[in-house]
Number of protein chains: 2
Amino acid sequence: MKIAELARRTGLTAHTIRYYERIGLMPRAGRDGAGHRDYGADALIWISFLGHMKAAGMPIQEMLHYARLRGQGSQTGPQRADILRQRRELVAAQITTLQATLSVLDDKIAGYDAEGINHADRNQT
Amino acid sequence: MKIAELARRTGLTAHTIRYYERIGLMPRAGRDGAGHRDYGADALIWISFLGHMKAAGMPIQEMLHYARLRGQGSQTGPQRADILRQRRELVAAQITTLQATLSVLDDKIAGYDAEGINHADRNQT
DNA sequence: CTACGGGTTGAAGTGCACTCTAAGTCAAGC
DNA sequence: GCTTGACTTAGAGTGCACTTCAACCCGTAG
């Protein structure tokens with residue numbers, strides 16, 4: 001598939017896909033007769049993985065590190081697993097933080113709603 | 001308390017607190033005889049709230065909007081509640097996303113661990 | 001044959017949230 | 001009196017992750 005279709009199917013823009021290739025986050029794409037990038041299904045899988053890692057808050061530098069390890073073959077598996085384990089812990093911690101944040105928001109919203117009923121200003125912030 | 005203590009107690013730097021004041025996210029602080037900022041407990045509460053909103057992914061522009069509404073008195077309560085309700089939904093959605101991300105990470109980690117045992121390369125990415 | 005909608009490149013620009021710098025003031029301790 | 005260290009300001013700089021720009025090429029429809 002061409003870059004526009006890959007963009008459509010991943011939700012990235014063609015610009016962003018070229019940017020990823022430029023910085024080394026995507027392998028250099030094969031070209032068709034016209035010199036246009038031509039992608040297979042593996043590109044879809046890799047971008048999907050990048051999307052998950054991005055959702056996990058992984059910075060691009062770390063994705064690059066992971067991508068380089070992957071390029072070095074299967075003997076880097078344990079190192080890649082370590083990276084993912086570390087990220088897993090960060091994500092778990094972030095979920096905990098967000099759940100606490102959700103409680104704060106719910107409390108504050110409840111305070112505003114009560115204020116709307118009986119005009120007592122509970123909300124200092 | 002002076003800015004250094006407020007910084008220590010909130011985990012922000014003094015630079016960041018001055019930056020918040022400059023952009024209007026903190027009220028202009030009262031000064032002591034030397035012209036140094038002098039804070040009360042309310043500053044601590046407000047920064048804690050800002051921290052929660054930041055954890056919730058609220059951009060500074062929206063915090064500014066909220067702060068301005070707060071400055072306009074209690075009749076803006078419903079508008080502030082709406083802002084918090086919207087942010088609450090975003091946080092809830094983000095928790096859902098992160099839980100899915102956690103599953104992806106756990107699956108991949110399990111794949112690497114299995115690979116370490118029987119040398120079958122399950123991990124395409 | 002020409003217009004059009006793609007595609008290509010390297011380089012520069014953007015927006016966010018800080019973060020740091022330069023040049024100065026001030027109060028307390030030696 | 002001098003040094004030290006915390007504070008002050010406006011403004012410039014940083015790092016991240018894109019995003020846009022300028023100038024160009026290529027294949028197909030009319």
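Chain letters run A, B, ... following the sequence lines, proteins first and then strands; every chain starts at 1.
- Applying the 4.0 Å criterion to OP1 and OP2 of C/dG7, one finds that A/Arg37 has every side-chain N and O outside that range.
- Using cut-offs of 30° and 60° on the angle between ring planes, the pair B/Tyr66 and B/Phe49 is tilted.
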Considering only distance and modelled atom types, tabulate donor-acceptor pairs under 3.5 Å from the side chains of residues 86-93 of chain A, sequence neighbours left out.
| unit_1 | atom_1 | unit_2 | atom_2 | d |
| --- | --- | --- | --- | --- |
| A/Arg87 | NH1 | A/Gly57 | O | 3.3 |
| A/Arg87 | NH2 | A/Glu62 | OE1 | 2.9 |
| A/Arg88 | NH1 | B/Asp106 | OD1 | 2.8 |
| A/Arg88 | NH1 | B/Asp106 | OD2 | 2.7 |

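- When the nucleotides C/dG7, D/dT9, D/dA6 are ranked by their closest atom to the side chain of A/Ala4, C/dG7 comes out on top.
- Between B/Pro59 and B/His36, it is B/Pro59 whose nearest contact on DNA chain C lies nearer the 5' terminus.
- Residues from residues 14-25 of chain B lying near DNA chain C, meaning a heavy-atom separation below 4.0 Å, are B/His15, B/Thr16, B/Tyr19, B/Tyr20, B/Arg22 in numerical order.
- With respect to B/Leu50, the side chain to side chain contact (heavy atoms under 4.5 Å, CB included) criterion is satisfied by exactly one of B/Thr10, B/Leu25, B/Ile45, B/Ile60: B/Leu25.
- Rounded to a whole Å, the NZ atom of A/Lys2 is 6 Å from the P atom of C/dG7.
- Contact check, A/Lys54 against D/dC18: a side-chain N or O comes under 4.0 Å of OP1 or OP2.
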Side-chain donor-acceptor pairs of residues 26-33 of chain B under 3.5 Å, sequence neighbours excluded:
| unit_1 | atom_1 | unit_2 | atom_2 | d |
| --- | --- | --- | --- | --- |
| B/Arg28 | NH1 | B/Glu21 | OE2 | 3.4 |
| B/Arg31 | NE | B/Ala29 | O | 3.2 |
| B/Arg31 | NH1 | B/Gly35 | O | 3.1 |
| B/Arg31 | NH2 | B/Glu21 | OE2 | 3.3 |
| B/Asp32 | OD1 | B/Ala34 | N | 2.9 |
| B/Asp32 | OD1 | B/Gly35 | N | 3.2 |
| B/Asp32 | OD1 | B/His36 | N | 2.9 |

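- Neither OP1 nor OP2 of D/dC25 sits under 4.0 Å from any side-chain N or O of A/Arg31.
- Remark: B/Leu84 CG to B/His52 NE2 distance equals 12.5 Å, nearest 0.5 Å.
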